[in-house]
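Every number for a ligand or one of its atoms is a count from 1 in the order of the listing.
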Amino acid sequence: MPRQIRRVATISVHTSPLDQPGTGDAGGMNVYIVEVARRLAARGIEVDVFTRATSANQPPVAELVPGVQVRHVQAGPFEDLDKTDLPAELCGFTSAVLRAEAAHDPGYYDLLHTHYWLSGQAGLSVKRRWGVPLVHSMHTMAKVKNAALAAGDSPEPAGRVLGEQQVVEAADRLVANTAEEARQLSDLYGADPRRVATVNPGVDLSTFRPAGTAEVRRRLRLPGDAYVLLFVGRIQPLKAPDVLLRAAARMLADHPELRSRLVVAVVGGPSGAARSRPEELQKLATTLGVADVVRFEPPAPQAALADWYRAADVTVVPSYSESFGLVAVESQACGTPVVAAAVGGLRTAVDHGGSGILIPGHDPADYAAVLYDLAARPGLRDRLARGAVRHARAFGWDTTVDRLLGVYTEAMERIEIPA
Ligand code: UDP
């Protein structure tokens, strides 16, 4: 008889579910952890999220919603640590997690779900000490990232590849965002396909839903007749916001009559080693002669972000690599089609020709051509907008949690993997 799941320990070493996504190290993974934890709690499963404390002001325990606690674990200095410094702090982090659990009766947690390889590394020791199953989500993989680097971007270090390999070998179950990621886990890291479950992430369909564009545009001070292109996410080379700016410049060079209507909105904050990227991007906009049409906006909470999606004609996601691409699904849920690079999870997140357009590669001329076509053909935009809403409906977080619970149950039952 399988044991019931009462309490899950989630580990997210390098970024807290309380952080604002869209800047620094906070992005889709934070949203994922919050949305899944909330829904597990709603189904009566308590979730404790362990994350590294980054300020002396953080309380040891903070309630996210009833049933979900964020536990700030002290390991290393609070500030000024980069993600690349964190492997050295994992030992201290792991000990602190073990100490926190030791305050409870044995068997307090039924299962451990770790996110990103750093957390997976902590999870290896925790799993052994607690004797619980380890479920791991990679979110991104060094080998995949390194195979698709933006020009000038630094490759992920060999230590990360090794660390990921160890986690893949030790996890009871691996959760892949898409079938492609599941294949990559097997092909690149040798994961046993029987241990890999494909579970698509979701979208909060109550926050991200279509609503009157005209009213939203008034609020955001966008002209009603503007052609609005939107970029949302962390400003870093991997996300390629520069491709959108170059495409806008190209479009205006070929179709100068568009200048009076074009608005390019960039919502998000600095991230990665080159934290000055927004300034660099602003400089690039000036160099390209498009600074007058580009609006830079700070990271926005989810509800405010929904308004940006609603206000836009097209959301552009030109990333070099994307494990899934929540931004693409959120935009579609708001009724805004997506033009995206045909890479990774974006091929699942966007229905090419149905809810948006996928473009092979990162040549700004290709993006300019598609974006101009969409500017000139409102009928096509409307058709894709309707398709976008339909496509996004397939990705509710409740479905994600249903599937995850199946994976948890399998891991708990330690179902024998047939040879
Ligand atoms: N996001 C946000 N505010 C912003 C920019 C982004 O809340 O200003 C969120 C966005 O809603 C999405 C996540 O950050 O859920 C980004 O996820 P995605 O999968 O697109 O990219 P990742 O950050 O995982 O690389």
Side-chain angles (χ1 to χ4, degrees), residues 12 14-38 83 115-117 137-142 144-145 148 150 153 156 175-178 181 199-209 220 230-241 244 265-272 277-278 281 295-312 315-334 336 338-341 343-350 356 392 395-397 400:
S12 172
H14 76 283
T15 173
S16 164
L18 301 174
D19 293 342
Q20 167 64 55
T23 189
D25 287 330
M29 189 180 109
N30 304 60
V31 173
Y32 187 109
I33 291 173
V34 168
E35 296 295 341
V36 166
R38 280 175 42 194
K83 205 155 62 168
H115 296 268
Y116 192 68
W117 77 278
S137 299
M138 297 290 264
H139 293 281
T140 65
M141 288 182 269
V144 174
K145 258 179 129 169
D153 204 0
E156 293 296 316
V175 177
N177 282 340
T178 60
E181 192 185 328
V199 181
N200 292 149
V203 57
D204 182 344
L205 294 165
S206 59
T207 301
F208 297 104
R209 59 188 157 72
L220 294 174
L230 176 66
F231 172 92
V232 171
R234 293 180 275 167
I235 312 287
Q236 52 174 227
L238 182 89
K239 298 271 177 192
L244 171 57
V266 176
V267 181
S271 173
R277 280 294 287 188
L281 209 59
R295 250 178 87 168
F296 288 94
E297 296 288 329
Q302 301 262 286
L305 199 55
D307 274 349
W308 277 104
Y309 292 127
R310 288 171 191 135
T315 299
V316 186
V317 189
S319 310
Y320 282 87
S321 163
E322 202 72 65
S323 146
F324 185 64
L326 291 182
V327 159
V329 186
E330 292 163 1
S331 170
Q332 293 168 84
C334 290
T336 300
V338 175
V339 168
V343 299
L346 290 170
R347 284 181 288 213
T348 304
V350 179
F395 298 102
W397 285 113
T400 305

**OP:** Take Y32 and H139, measure what side chain to side chain contact (heavy atoms under 4.5 Å, CB included) needs, and give me the verdict at the end.
**Re:** CA-CA 10 Å; Y32 187 109; H139 293 281; 4.0 Å; yes

Subject >> Verdict with supporting geometry, V329 and F208, side chain to side chain contact (heavy atoms under 4.5 Å, CB included) >> reply: CA-CA 9 Å; V329 186; F208 297 104; over 6 Å; no

**OP:** Write down the atom of A333, the atom of L205, and the distance for their closest heavy-atom approach.
**Re:** CB-CD2, 4.1 Å

**OP:** Enumerate the protein residues lying less than 4.0 Å from ligand 1, judged by heavy-atom distances, in chain and residue-number order.
**Re:** Q20, P21, G22, G27, G28, V31, V232, R234, K239, V267, P299, A300, Q302, L305, E322, G325, L326, V327, E330

**OP:** Of all the heavy-atom pairs spanning V316 and F231, show the shortest one and how long it is.
**Re:** O-CD1, 3.9 Å

Subject >> For the student: nearest non-hydrogen atoms of Y309 and T315, plus distance >> reply: CD2-OG1, 3.9 Å

**OP:** Flag the pair F324 / T178 as yes when at least one side-chain heavy-atom distance between them is below 4.5 Å, and no otherwise.
**Re:** yes

